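Quick notes on the structure that follows.
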Protein chains: 2
Amino acid sequence: MHTTMFSILSEPNRLDIVEVLYKSPRTVNEIAGLLKLNQPQTSKHLRVLADAGIVEATPIKNQRMYMLKPDKFEELDRWLEKFRYMWDERLKRLERLLKEKKEVKKNGRK
Amino acid sequence: MHTTMFSILSEPNRLDIVEVLYKSPRTVNEIAGLLKLNQPQTSKHLRVLADAGIVEATPIKNQRMYMLKPDKFEELDRWLEKFRYMWDERLKRLERLLKEKKEVKKNGRK
DNA sequence: GAGGCATATTCCTGTCAAGGCATATTACAT
DNA sequence: ATGTAATATGCCTTGACAGGAATATGCCTC
């Protein structure tokens with residue numbers, strides 16, 4: 001279900017975290033510092049993100065390095081694929097082409 | 001901001017509405033019927049979707065025909081673009097290629 | 001193994017948004 | 001103009017969830 005992905009990213013701070021991690025992996029305190037969040041809330045958001053598989057952590061020394069996991073984004077991308085027909089010009093051209101062919105057929109039958 | 005798009009689609013019934021409208025435009029009652037929602041909540045959800053520009057209605061007789069608007073989906077798609085590097089194999093191949101070129105350069109300098 | 005950072009968890013509180021139900025509005029037909 | 005079907009809005013209650021502050025846990029270093 002995509003609703004979980006959506007609801008998780010609908011929280012502005014979490015979206016910001018994703019935008020930060022998209023540039024490079026970060027520790028909790030780095031994230032908190034960059035986004036001016038308190039450490040506890042940062043940890044909480046990261047927990048939510050991690051539970052959803054959007055993010056993963058690898059321990060390094062005393063700290064935890066968080067980074068994005070591709071899977072959920074890929075999933076979302078595949079879902080969006082369905083709607084691409086609405087604006088994809090190549091597809092529109094294809095449609096026009098098919099229409100023309102139909103016309104030709106019609107005229108041919110006359 | 002994409003948070004609005006996300007928060008709107010995080011509501012399961014609204015996502016369902018989008019999935020229905022993706023197949024074809026529908027009137028309010030049709031949607032309510034298909035998804036077994038009460039008419040008032042359906043109207044409310046449609047209002048939210050319309051206010052966000054995800055959906056638009058055209059009056060036809062006594063009813064309102066709702067359909068998807070491409071813009072927001074396109075926007076979302078462009079946003080996702082940024083993350084595509086994470087799984088897109090073509091890009092990974094490209095990266096490898098660039099790396100190889102670097103190596104060649106290095107060796108050439110020796 | 002004690003002290004010190006880095007991170008995680010808990011409890012509390014307030015806010016916000018969805019559902020249910022009643023009702024209002026609009027557009028059409030006659 | 002009045003009745004009627006289609007849709008929209010208002011009000012209320014309830015549940016979910018984010019932030020704040022305090023505290024707990026984990027993991028190094030010495």
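Keep in mind it's a predicted model, so treat the numbers as computed, not measured. First the proteins, then the strands, lettered A, B, ... as listed; each starts at 1.
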Give the rounded distance in Å between these two atoms: CD of A/Glu11 and P of C/dC16. 13 Å
Please determine if a side-chain N or O atom of A/Arg14 lies less than 4.0 Å away from the OP1 or OP2 oxygen of D/dA18. yes
What is the separation between atom CZ on B/Arg47 and atom C1' on D/dT7, rounded to the nearest whole Å? 12 Å
Please determine whether a side-chain nitrogen or oxygen atom of A/His45 lies at a distance below 4.0 Å from atom OP1 or OP2 of D/dC17. no
Nearest-Å distance, CG (B/Leu46) to P (D/dT7)? 10 Å
I'd like to know if the side chain of B/Glu30 and the backbone of B/Thr27 have a donor-acceptor N/O pair within less than 3.5 Å. yes
How close or far is atom P of C/dA17 from atom CG of B/Leu15, stated in whole angstroms? 18 Å
How many Å lie between CG on B/Leu9 and P on C/dA17, as a whole number? 15 Å
Per-nt protein contacts along nucleotides 23-30 of chain D (heavy atom under 4.0 Å; B base, S backbone sugar-phosphate only, - none) come out as ---BBSS-
Looking only at side-chain N and O atoms, does A/Arg64 come under 4.0 Å of OP1 or OP2 in C/dA8? yes
Presence of A/Ser43 side-chain N/O under 4.0 Å of C/dA8 phosphate oxygens OP1/OP2: yes
Check the distance between C/dA18's C1' and B/Leu35's CG and give it to me in whole angstrom. 16 Å
Any Lys/Arg nitrogen of B/Glu74 or A/Arg84 sitting under 4.0 Å from an Asp/Glu carboxylate oxygen of the other? no
Would you call A/Glu81 and A/Arg78 a salt bridge, taking side-chain N to carboxylate O under 4.0 Å as the test? no
Measure the acute angle between the ring planes of A/Phe6 and A/Trp79, then classify it against the limits of 30° and 60° as parallel, tilted or perpendicular. perpendicular
Can you measure from CG (A/Asn13) to CD1 (A/Ile31) and round to the nearest 0.5 angstrom? 11.5 Å
Indicate yes or no for a side-chain donor-acceptor contact from A/Arg14 to the backbone of A/His45 under 3.5 Å, with no hydrogens or angles considered. no
Would you indicate, yes or no, if D/dG20 has its OP1 or OP2 atom less than 4.0 angstrom from a side-chain nitrogen or oxygen of A/Gln41? yes
Interatomic distance, A/Leu37 CG vs D/dA21 P [rounded to whole Å]: 14 Å
Nearest of C/dG20, C/dT9, C/dA6 to any side-chain atom of A/Asn29? C/dA6
Between B/Ile17 (CD1) and C/dA18 (P), how many Å, whole number? 11 Å
N/O (side chain, A/Tyr66) to phosphate O (OP1/OP2, C/dA6) under 4.0 Å: no
Is the phosphate of C/dA18, meaning OP1 or OP2, less than 4.0 Å from a side-chain N or O of B/Asn38? no
Comparing nearest nucleotides in DNA chain D, the 5'-proximal residue of the pair B/Lys44, B/Thr27 is B/Thr27
Does B/Ser7 use its side chain to pair, donor to acceptor, with the backbone of B/Thr4 at less than 3.5 Å? yes
